[in-house]
There are 2 protein chains.
Amino acid sequence: MLNYSSSEENYIKTIFHLQGEDGNVTTNELADRVKTKPASVTDMMKKLKSRKLVNYQPYKGFRLTPDGRKVALGIIRRHRLWEFFLAEKLKFKWDEVHEVAEYLEHVSSKKLVDKLDEFLGFPKFDPHGDPIPDTNGKMENSRQVNLADWPVNKPAIVCQVVNQSTALLELLQHKKITIGTKLEVKKKFGYDDSLEIRIQKQLPVTISGQLAQTIFVNHG
Amino acid sequence: MLNYSSSEENYIKTIFHLQGEDGNVTTNELADRVKTKPASVTDMMKKLKSRKLVNYQPYKGFRLTPDGRKVALGIIRRHRLWEFFLAEKLKFKWDEVHEVAEYLEHVSSKKLVDKLDEFLGFPKFDPHGDPIPDTNGKMENSRQVNLADWPVNKPAIVCQVVNQSTALLELLQHKKITIGTKLEVKKKFGYDDSLEIRIQKQLPVTISGQLAQTIFVNHG
DNA sequence: AAAATAATTTAGACAAATCTAAAAATTTAT
DNA sequence: ATAAATTTTTAGATTTGTCTAAATTATTTT
Ligand SMILES: [Mn+2]
Ligand SMILES: [Mn+2]
Ligand SMILES: [Mn+2]
Ligand SMILES: [Mn+2]
């Protein structure tokens, strides 16, 4: 199995995140995300094309090839497993795991990653609720629904929180909401989109519509 | 705190291992160890000198400065903590941990390393019995004695095994000897330097003088 | 359909880390 | 003390990844 530089891996991973089901990725988009200049992106795309990891025609944007997608899923697997390790075993906070995982993800020993996965008990989701690909690149596509759209009185499990700012984390901690929290929506107020929710058997609490929109849940 | 490239770190770490208490390191020695050419070593020494990590005069060899020593101990700390993690938590074999630790050692987040240390229970020795520096660079200098020189009927704990070949590992596993094993030497045979040892309360077994010389022990 | 604007690529330069081949310094042998 | 051998350094080139500035292509406006 070939090996890629950290730089190549960062481009590959970012293309994966930017290209949706079908869309193309543009030079400027990618330059923004990997914090480099468009000229550097063009250089790298030529290289990745020659390695058959992206389909690329000048001025037409690019997408990962099936091979590129496999490489991307491997990087994402490592990133999310390390994030899980940092949060679960080393007691890092949510908003601290990503930065360190950016480095650990580039250590690409297959044996290391598979043994880590086993040690962690084959987790299905990282601390932000994103699914972790298995050895073969398969991952749950967690049919997750925004809490703002969840019906009243239906059990739900928090499975993802988008936008991982420290301010958001603070609010979630105060409300005692975390990945895995079981709750039900008790009331919805159309006036300001606020919700009244009940966590487990505790007293109901109110959360704003803005907060609800950052929270995604599963069928509990 | 400044950051060094993987390449710089490999040179620094290797100089630490090569320079003893007082000796100087030579260009060819270092080139051999870091698997590069003498010309590259000279280039790097100029750079490390300008960063005040080594003392270096052309043609006179080099040594780490106190700052360089601190950096080296940080790298060695990371290397050995990861080796311990791999062996203890991920169940890697002795002879598999080093290769992966060569990569993990270059992830230099202080928070990561200190939390890993805590998670592992502040281990004092890596799987090969080498001491692990603490956050301040202090480590046990394990007054270890070769098993061949150990007195009869005195409790000992295996703390290091030199020469980590797979063949040696296989033999040690068969004899059920590992780091931390408690044993006593029961008899010494001058004819072929073989020893009879007793592990814990088990029946005595015989080991060759050659094997005994690879094993170092502490006062049990 | 031009002209203006925006996006992308090319050209040329640079820093890091490495190499080979040649020059210089040091050490060893005669 | 020379000469020979060894070690070390320098000079010049190469690869990877980046940048700025200029040229090219595509898109949007008029
Ligand atoms: Mn992340
Ligand atoms: Mn990364
Ligand atoms: Mn090692
Ligand atoms: Mn290394």
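We name chains A, B, ... by the order of the sequence lines, and we start the count at 1 in each one.
- In this structure, A/Lys37 atom NZ and D/dA21 atom C1' are separated by 13 Å, rounded to whole Å.
- The ring pair (Phe, Tyr, Trp, His ring centres under 6.0 Å) check on B/His106 picks up nothing, with sequence neighbours excluded.
- One interatomic measurement links the two molecules: CE of A/Met44 to C1' of D/dT16, which rounds to 8 Å at whole-angstrom precision.
- Distance A/Asp32 CG to C/dA7 P: 10 Å, rounded to the nearest Å.
- Judged as a salt bridge (Lys or Arg N to Asp or Glu O under 4.0 Å), and not counting sequence neighbours, the contacts of B/Glu102 are B/Lys13.
- Across the protein-nucleic acid pair, A/Tyr11 atom OH and D/dT18 atom P stand 4 Å apart, rounded to whole Å.
- In this structure, the CG atom of B/Leu48 is 12 Å from the P atom of C/dA16, given to the nearest Å.
- Spacing between atom CE of A/Met45 and atom P of C/dT10 amounts to 14 Å, rounded to whole angstrom units.
- Within the structure, every pair that satisfies the ring-ring contact (aromatic ring centres under 6.0 Å, His included) test and touches residues 23-58 of chain A, not counting sequence neighbours, is listed here: A/Tyr56-A/Phe62.
- OP1 or OP2 of C/dA16 has not a single side-chain nitrogen or oxygen of B/Ser7 nearer than 4.0 Å.
- Phosphate contact (OP1/OP2 of C/dC19, side-chain N/O of B/Thr36, threshold under 4.0 Å): present.
- We find that NE2 of A/His106 is positioned 18 Å from P of D/dT16, with the value rounded to whole Å.
- With sequence neighbours excluded, the residues forming a salt bridge (Lys or Arg N to Asp or Glu O under 4.0 Å) with A/Lys111 are B/Glu96, listed by chain and number.
- The salt bridge (charged side-chain N to carboxylate O under 4.0 Å, His left out) pairs that include a residue from residues 59-72 of chain B number zero, where partners must be two or more places apart or lie in different chains.
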Reading nucleotides 5-12 of chain D 5' to 3', which nucleotides get B (base under 4.0 Å from a protein heavy atom), which S (sugar-phosphate only), which -? --SBBB--

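- Side-chain atoms of A/Val100 and A/Trp82, non-hydrogen and from C-beta on, never get closer than 4.5 Å to each other.
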